[in-house]
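For reference, the structure discussed in these notes is given below.
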Protein chains: 2
Amino acid sequence: MISKKMENMVANSSAIRAMFEEGNRLAKLYGAENVFDFSLGNPNVPAPEAVKKAIIELLNEEDPVALHGYTNSNAGYEDVRQAVAESLNSRFGTKFAARSITMTVGAAGGLNVILKALLNPGDEVVVFAPYFGEYRSYVSNYDGVIVEISPNTEDFQPKLDEFEKKLTPKTRAVIVNTPNNPTGVVYSEETIKKMASIMENKQKEYGTDIYLISDEPYRELAYDGIEVPYLTKYYANTIVGYSYSKSLSLPGERIGYLVIPDEAADSENLISAANVATRILGFVNAPTLQQKVVKACLNEKTDISFYDRNRETLYNGLKELGFECIRPEGAFYLFVKSPMADEKAFCAAAKKYNILLVPGSSFGCPGYVRIAYCVAYETIVNSLPKFKELAAEYK
Amino acid sequence: MISKKMENMVANSSAIRAMFEEGNRLAKLYGAENVFDFSLGNPNVPAPEAVKKAIIELLNEEDPVALHGYTNSNAGYEDVRQAVAESLNSRFGTKFAARSITMTVGAAGGLNVILKALLNPGDEVVVFAPYFGEYRSYVSNYDGVIVEISPNTEDFQPKLDEFEKKLTPKTRAVIVNTPNNPTGVVYSEETIKKMASIMENKQKEYGTDIYLISDEPYRELAYDGIEVPYLTKYYANTIVGYSYSKSLSLPGERIGYLVIPDEAADSENLISAANVATRILGFVNAPTLQQKVVKACLNEKTDISFYDRNRETLYNGLKELGFECIRPEGAFYLFVKSPMADEKAFCAAAKKYNILLVPGSSFGCPGYVRIAYCVAYETIVNSLPKFKELAAEYK
């Protein structure tokens with residue numbers, strides 16, 4: 001007898017994961033080269049050489065008791081946190097101290113930690129559809145209530161009027177994800193400023209603190225030289241969640257951090273709460289070897305040219321076939337309009353061609369599908385004739 | 001404004017952690033050799049060479065996209081789970097399959113996963129004082145209710161009469177930890193059989209399933225050839241939580257597993273729930289490199305001679321000074337009776353000599369202190385004269 005909360009979760013388990021496991025099954029049956037698995041955001045660019053080099057150096061030079069032991073603080077090694085803070089300050093003109101940085105078990109771990117630190121049962125958390133469906137689970141873990149802002153299917157920038165209307169005295173946090181999963185949009189500085197202004201006004205009106213949680217694992221995956229604003233500079237109550245899953249291709253290693261700036265309301269208590277939550281949720285501390293690795297690799301430039309070529313090839317290819325899709329500026333996803341209103345039926349049709357997509361309803365946006373282009377270039381190229389056959393069904 | 005649940009947690013934050021951070025402070029002030037920090041169970045035996053060797057081999061031979069990427073199943077690599085199952089079967093005569101094994105972020109991560117899978121708000125979880133205080137936090141995470149069985153200070157084996165009385169229709173799980181933190185006791189086979197019998201009867205009486213969760217990170221730290229029974233063989237509804245933190249000295253790397261045997265009631269659903277909980281709590285999967293490392297090191301024998309010598313030296317030394325303590329058969333802790341009823345005052349007195357202990361009330365057993373002997377042998381030897389001075393205060 002599993003718990004009631006988990007009964008629902010298991011029944012509605014991740015559509016992304018289901019597709020991914022389906023993709024593995026089909027790959028075993030037909031050969032991976034004949035399967036076009038665009039389901040899971042599992043980076044296909046290998047981790048840079050610097051990661052391997054750093055690990056070997058650490059193994060050869062560090063005392064293993066220190067390297068593999070519990071860290072003094074649950075927030076992580078002091079020197080790693082200091083280095084992360086300095087790197088952010090140097091890149092973005094911020095003024096973070098080591099205390100502002102909590103090393104986390106990926107971005108997902110960080111979101112769980114900060115939501116546990118913040119949410120009382122019934123607190124509202126605003127998200128902008130389409131959004132990463134796991135936010136719903138994370139919020140539910142702590143008995144919060146998700147409030148969705150409906151999708152703006154013209155350009156997938158946030159609907160600010162609806163946002164303003166849906167902020168209430170119970171709003172505890174707003175989660176943004178830019179560059180965005182699943183749409184690939186990057187919020188402009190203008191959008192950020194307007195959002196900040198709306199939230200400032202609501203904070204005053206309600207006498208509450210509304211935290212802006214910036215979930216930004218795709219920060220470095222930004223194309224055409226587009227700038228990705230650093231949100232703490234626009235709104236004081238900003239908390240940043242980051243991970244090296246995409247930038248260093250280490251998703252399985254579970255390594256990221258939270259930034260809780262001094263400017264955030266009650267930051268001292270928040271930092272203490274994040275520390276304690278890290279421990280009692282079972283993370284205890286972020287994996288120690290990987291903490292040291294990311295410190296050593298702080299200046300590694302993510303090679304986005306691989307993803308960029310995939311982006312161009314797939315986007316152009318699908319547009320030529322008549323599919324509707326905004327041109328993504330970041331991340332590694334295309335959010336494509338389904339030719340039929342029932343996008344799950346469209347996904348089923350695509351599967352006949354061994355093309356695996358994720359239905360947009362998993363992201364709160366039916367009628368669309370997500371295509372993850374973090375795959376081999378050959379997969380993109382070889383999928384286009386299949387997409388053509390698929391498209392032909394809808395002429 | 002942090003959440004109300006976290007307010008309490010932060011206020012009453014871990015006494016163990018507080019002592020540990022105090023130890024680091026004192027070490028910086030006086031030099032580590034002049035501080036006798038017996039507070040945190042941070043293994044002092046380095047990870048075996050085989051770990052370093054395995055990591056380097058994996059880096060050289062595995063495809064980095066596979067080695068550092070998300071695993072296909074949130075439960076971990078199929079081959080790792082298969083290897084763990086086979087290793088357990090070969091050592092204990094069990095019949096686990098790969099599906100029974102869920103790789104976890106340490107034992108703490110595993111306990112959070114299984115408690116999330118099991119607990120409805122108000123469900124009771126029985127623990128035997130003295131117990132690892134974090135159990136209280138883990139249970140509270142999922143709105144369970146801790147039910148303590150009072151300590152049997154004669155030999156610290158569980159009080160079975162009280163146990164029987166305190167099982168109710170709301171009892172969802174019983175957590176045992178043998179070899180034990182903080183006492184070092186190992187439950188005998190006879191004790192296990194009696195406990196199993198009591199639980200079987202209660203299950204029948206109430207028509208419920210009462211899961212026995214065996215938290216066993218200290219399994220390999222067992223001295224004098226004492227046997228540590230494998231609990232799934234005595235009670236069908238047993239779930240095992242394990243970690244390599246102590247056996248391979250990898251506590252910072254966060255790697256362990258859960259065993260959910262086919263014989264456990266509703267095991268299929270439990271396994272699915274553990275899978276989903278792993279994902280939505282933010283673990284996603286146990287760190288991938290370390291999963292492969294533990295597979296490579298499955299046959300490494302933990303060198304317990306280091307801890308054994310510490311055990312003998314400290315236990316004998318303290319007994320000679322007149323301290324009262326049971327002789328521990330496992331783990332790396334001594335649970336010593338405080339010469340004064342207020343053991344926190346005793347800890348404060350010990351701190352004057354730079355001796356750091358943890359009050360037994362952190363474990364639900366006031367009047368006692370925990371001494372972790374996973375420290376350098378020299379620390380043990382050099383502490384004894386200080387313990388002598390401390391003891392003299394109480395003649």
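Note that the coordinates shown come from a computational prediction; the quantities given were computed from them, not determined experimentally. Quick note on labels: first sequence line is chain A, next is B, and so on, each numbered from 1.
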Under 3.5 Å, side-chain donor or acceptor atoms of residues 41-54 of chain B against the rest of the protein: list the pairs with distances, not counting sequence neighbours.
from  : atom 1 : to    : atom 2 : distance (Å)
B:N42 : OD1    : A:Y70 : N      : 3.1
B:K52 : NZ     : A:N60 : OD1    : 3.1

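Proximity to chain B is absent for every atom of A:L111, based on heavy atoms less than 4.5 angstrom apart. In this structure, chain B has a heavy atom under 4.5 Å from the backbone of A:A286, while its side chain stays farther away. Neither the backbone nor the side chain of A:I255 comes within less than 4.5 Å of any heavy atom of chain B. Contacts between A:S245 and chain B at a heavy-atom distance below 4.5 Å involve the side chain alone, from C-beta outward. Both the backbone and the side chain of B:N74 come within less than 4.5 Å of a heavy atom of chain A. Within the 4.5 angstrom heavy-atom criterion, no atom of A:N275 approaches chain B. Interface remark: A:S249 contributes backbone atoms only to the contact with chain B (heavy atom separation under 4.5 Å). Only the side chain of A:N24 comes within contact range of chain B, with at least one heavy atom under 4.5 Å from a heavy atom of that chain. Within the 4.5 angstrom heavy-atom criterion, only side-chain atoms of A:P64, from C-beta onward, approach chain B.
Comparing A:N120, A:L119, A:V10 by heavy-atom pairs within less than 4.5 Å of chain B, the highest count is held by A:N120. Chain A forms more heavy-atom pairs under 4.5 Å with one residue of B:V65, B:L250, B:N72 than with any other, namely B:N72. Most heavy-atom pairs under 4.5 Å with chain A: of the set B:G69, B:A107, B:G109, B:S272, this distinction falls to B:G69. Of the residues considered (A:P251, A:S137, A:P287), A:P251 shows the highest number of contacts with chain B, using heavy-atom pairs under 4.5 Å. Counting heavy-atom pairs closer than 4.5 Å to chain A, the top-ranked of the candidates B:D123, B:T71, B:L248, B:V113 is B:T71. Ranking B:S3, B:A117, B:A108 against chain A, the residue ahead of the rest is B:S3, based on heavy-atom pairs under 4.5 Å. Per-residue counts of heavy-atom pairs under 4.5 Å with chain B were compared for A:A264, A:A277, A:G252, A:A265; the largest is that of A:G252.
Atom CG of B:N141 and atom CD1 of A:I280 lie 5.0 Å apart (nearest 0.5 Å). Taking CD of B:E253 as the start and CD of A:Q291 as the end, the distance is 9.0 Å to the nearest 0.5 Å. Note that CZ of B:R254 is 14.0 Å distant from CD of A:Q290, once rounded to the nearest 0.5 Å. Separating the CE atom in A:M1 from the CZ atom in B:R172 is a distance of 5.5 Å, to the nearest 0.5 Å. Annotation: the span from B:I55 atom CD1 to A:L59 atom CG amounts to 4.5 Å, rounded to 0.5 Å. How far CD1 of B:I2 is from CD of A:E268: 11.5 Å, rounded to the nearest 0.5 Å.
B:E134 approaches A:R279 most closely through the heavy-atom pair OE2-NE, 2.9 Å. Considering all non-hydrogen atoms of both residues, A:F283 and B:L281 come closest at CZ-O, 3.3 Å. A:G282 approaches B:N112 most closely through the heavy-atom pair N-ND2, 3.5 Å.
In this view, A:Y77 satisfies the ring pair (Phe, Tyr, Trp, His ring centres under 6.0 Å) rule with no residue, not counting sequence neighbours.
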